[in-house]
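Values below: all heavy atoms of this structure, side chains included; hydrogens, waters and symmetry mates excluded. We number each residue from 1, following the sequence as shown. It should be emphasised that the depicted structure is a prediction, and the values quoted were computed from it without experimental measurement.
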Amino acid sequence: MNKYETIIGLEIHLQLNTKSKMFCACSNKGEKAKVNTTICPICLGHPGTLPTLNALAVQKGLALSLALNCQINIKSKFDRKNYFYPDLPKGYQISQFDIPLAEGGHLLITLNDQEKRIGIERLHLEEDAAKNIHQKDKTLIDYNRGGMPLAEIVTKPDFRKVEETTEFLKNLRLIAQYLNISDAEMEKGNLRCDANISLRPQGDNKLYPKTEIKNLNSFKAVVKALKYEKERQKDLWEKSSAPQMTSTRGWDEEKKETREQRIKESFADYRYFPEPDLPPLLISAELLKEVKSSLPELPQERYYRFREEFGLSKKDTAVLINKKDWAEYFEKVISELRAWLFKVNKGKYNWSKEKIKLSKLTFSWITSELFSLLKDNFLMKKLKITPENMAELIKLIYEQKINSSAGQTILAKMFKSGLDPSDLAEELDLRQIDDEEELAGLVIKVIMSNSEQVQEYKDGKEAIFKFLVGKVMAESKGKGHPQKIAKILKEKLT
Ligand code: ZN
Ligand code: MN
């Protein structure tokens with residue numbers, strides 16, 4: 001057992017994908033727009049301007065709070081967090097201090113098949129600061145980011161393993177994507193994370209001064225930085241010189257180390273005080289009801305439903321759930337297939353019997369065959385293959401009207417053109433040959449022209465059988481029904 005227990009908490013900033021900024025009408029495009037173009041006197045902090053709260057940002061914040069099982073504060077307020085930095089032209093950030101939008105939630109994560117509950121301390125709304133762009137001899141500032149809406153999520157110090165943090169972040173990202181409140185991509189900066197870490201001797205219940213690690217731009221950086229910091233603090237404990245004060249360290253991606261930045265300000269240093277230009281934030285019962293009722297199915301709910309309905313393995317189900325759009329596509333394809341089965345069996349069919357076979361087939365044709373045709377950053381809305389056509393292709397394969405190599409050819413054509421797979425099979429002459437007489441003709445032809453091999457097989461060289469099947473398949477131009485060929489060949493050889 002480890003001598004020390006690791007205590008980790010996360011502070012996460014999530015950029016909300018509203019149309020306009022938090023307190024002004026500027027476009028919320030941020031870094032996607034030309035630098036310093038989505039700005040106005042309000043987000044530049046000119047004197048005499050007044051902020052107006054973005055109602056959609058509040059709704060998105062509420063949706064996330066509910067998804068994270070938080071208590072909503074019906075009455076919260078905004079506060080000024082004062083500090084001086086060039087990326088903050090007002091000299092303060094409008095945030096929420098003592099009464100956040102929501103608090104006391106939790107999120108369940110699963111690591112190595114074990115479920116763990118991570119507490120959410122609070123969720124509040126605030127505005128983003130501008131972005132510093134450091135160059136060799138100067139720092140440039142892009143004010144586009146200043147004033148963009150953020151939800152800040154602070155977890156309880158419930159993580160005990162570094163891997164739990166990335167599992168949590170991945171879950172959070174997925175929830176944000178399902179809720180359509182943020183792209184939540186660390187690499188793009190719309191999900192940013194600071195991690196607090198401290199150690200304590202096993203069995204001790206006290207919390208010791210922590211280190212806050214900043215500048216974590218990817219899941220990998222989170223893991224590497226926390227592992228580094230855990231070792232660094234362990235060494236300090238072993239030398240009896242554990243950190244005496246909370247401090248801030250930056251992660252240096254190149255040197256792969258954390259470096260001390262500053263001894264952390266306490267709350268008092270920020271001189272928080274209520275924002276005089278904004279009224280308290282009141283959440284009406286109607287608004288709360290509306291947000292609650294428009295919550296979509298969340299990833300964990302969908303996971304359990306998919307497991308139940310489609311009978312895929314845990315791993316395959318997770319693959320689908322982790323790609324929201326593809327999970328929905330998969331479901332549409334399956335529903336087409338069910339409708340088809342219902343029709344051909346005149347309403348009498350046993351879905352629970354067929355579902356495993358059809359789900360597996362559909363899963364593999366989507367995630368291995370179709371995915372292999374996609375380039376990086378493929379946009380789902382550009383997909384030309386409708387769920388109906390995809391289902392049609394699966395059906396052709398399922399009914400063995402085409403074999404799988406023909407299926408691949410057809411899929412590639414469908415991907416380019418969006419054409420109907422049955423038409424393509426016809427046009428490309430790829431329909432599987434399953435007519436036994438026709439196949440028997442091919443088998444006889446092969447037996448006649450390979451008498452030497454046939455003799456070897458008859459003498460007991462079993463491996464020759466495969467060779468002969470291959471010959472018949474080639475004779476059929478790849479269109480022969482493989483099981484039927486094998487069956488007929490066996491009959492003719494005995
Ligand atoms: Zn503005
Ligand atoms: Mn913040």
Side-chain angles (χ1 to χ4, degrees), residues 11 13-62 64-65 73-102 122-135 138-152 154 181-182 189-190 192 262 265-284 287:
E11 284 179 30
H13 287 92
L14 193 67
Q15 256 175 5
L16 301 173
N17 60 0
T18 51
K19 281 223 164 69
S20 54
K21 289 189 180 178
M22 194 62 158
F23 299 114
C24 63
C26 285
S27 150
N28 194 31
K29 284 207 178 110
E31 285 157 70
K32 280 181 244 156
K34 190 166 170 261
V35 291
N36 292 320
T37 55
T38 60
I39 48 174
C40 75
I42 298 173
C43 54
L44 287 177
H46 290 192
T49 55
L50 285 174
T52 317
L53 181 60
N54 182 336
L56 191 57
V58 175
Q59 283 185 32
K60 297 200 178 224
L62 280 174
L64 182 59
S65 304
N73 286 322
I74 296 306
K75 183 178 176 183
S76 66
K77 71 190 227 304
F78 287 96
D79 301 272
R80 289 187 182 181
K81 181 181 183 180
N82 299 278
Y83 65 96
F84 176 75
Y85 213 63
D87 62 9
L88 198 66
K90 289 202 291 276
Y92 59 85
Q93 175 193 32
I94 304 179
S95 179
Q96 296 193 291
F97 180 48
D98 50 339
I99 314 176
L101 178 68
R122 56 183 278 146
L123 186 153
H124 69 252
L125 298 172
E126 61 184 29
E127 57 179 339
D128 210 341
K131 189 180 165 82
N132 295 315
I133 302 160
H134 300 292
Q135 296 187 344
K138 55 181 177 281
T139 293
L140 302 171
I141 304 174
D142 181 3
Y143 284 97
N144 283 0
R145 203 179 74 180
M148 285 173 76
L150 294 177
E152 177 171 337
V154 181
I181 60 165
S182 174
N190 32 50
R192 304 197 292 270
R262 61 193 151 110
E265 295 89 347
S266 70
F267 287 125
D269 296 326
Y270 287 126
R271 293 188 300 116
Y272 274 103
F273 65 83
E275 168 60 61
D277 292 339
L278 285 167
L281 174 54
L282 302 172
I283 307 297
S284 69
L287 175 62

Using every non-hydrogen atom in the two residues, find where [X] and [Y] come nearest and quote the distance to one decimal.
{"X": "Asn144", "Y": "Ala33", "result": "ND2-O, 3.5 Å"}
{"X": "Arg122", "Y": "Gln96", "result": "NH2-O, 2.7 Å"}
{"X": "Ser182", "Y": "Asn190", "result": "OG-O, 3.8 Å"}
{"X": "Tyr143", "Y": "Pro86", "result": "OH-O, 2.8 Å"}
{"X": "Arg145", "Y": "Ala129", "result": "NE-O, 3.1 Å"}

Any donor and acceptor pair, going by atom type alone, linking the side chain of [X] with main-chain N or O of [Y] inside 3.5 Å?
{"X": "Asp142", "Y": "Asn36", "result": "yes"}
{"X": "Glu126", "Y": "Leu150", "result": "no"}
{"X": "Lys21", "Y": "Thr38", "result": "yes"}

Do the charged groups of Lys77 and Asp98 touch, with an N to O distance under 4.0 Å? yes
So that I can tick it off, tell me whether Asp79 and Lys81 are bridged by a salt bridge, with the cut-off set at under 4.0 angstrom between side-chain N and carboxylate O. no
Roughly how far apart are [X] [atom1] and [Y] [atom2], rounded to 0.5 Å?
{"X": "Leu101", "Y": "Ser76", "atom1": "CG", "atom2": "OG", "value": "5.0 Å"}
{"X": "Leu281", "Y": "His124", "atom1": "CG", "atom2": "NE2", "value": "13.0 Å"}
{"X": "Cys43", "Y": "Met148", "atom1": "SG", "atom2": "CE", "value": "11.0 Å"}
{"X": "Glu127", "Y": "Lys90", "atom1": "CD", "atom2": "NZ", "value": "3.5 Å"}

Asp87: what forms a side-chain hydrogen bond (donor to acceptor under 3.5 Å, both in side chains) with it, not counting sequence neighbours? Asn132
State which residue, out of Asp277, Leu278, Ile42, fulfils the side-chain contact (heavy atoms from CB on, under 4.5 Å) condition with Leu50. Asp277
Does the side chain of [Y] come within less than 4.5 Å of [X]'s, by heavy atoms?
{"X": "Ile99", "Y": "Lys75", "result": "no"}
{"X": "Leu88", "Y": "Gln93", "result": "yes"}
{"X": "Pro100", "Y": "Asn73", "result": "yes"}
{"X": "Gln59", "Y": "Leu287", "result": "yes"}
{"X": "Lys29", "Y": "Thr37", "result": "no"}
{"X": "Leu16", "Y": "Leu64", "result": "no"}
{"X": "Thr49", "Y": "Leu44", "result": "no"}
{"X": "Asn28", "Y": "Asn17", "result": "no"}

Specify whether Tyr83 and Tyr270 have parallel, tilted or perpendicular ring planes, treating 30° as the upper limit for parallel and 60° as the lower limit for perpendicular. perpendicular
Go through the structure and list residues passing salt bridge (Lys or Arg N to Asp or Glu O under 4.0 Å) with Glu275, not counting sequence neighbours. Arg80
Can you pull out every ring-ring contact (aromatic ring centres under 6.0 Å, His included) where at least one residue sits in residues 23-55? Sequence neighbours excluded, please. Phe23-Phe78
Show the numbers, then the answer: is there a side-chain contact (heavy atoms from CB on, under 4.5 Å) between Val35 and Leu140? CA-CA 10 Å; Val35 291; Leu140 302 171; over 6 Å; no
Should we count OH of Tyr85 as having more than 12 external heavy atoms under 6.0 Å? no
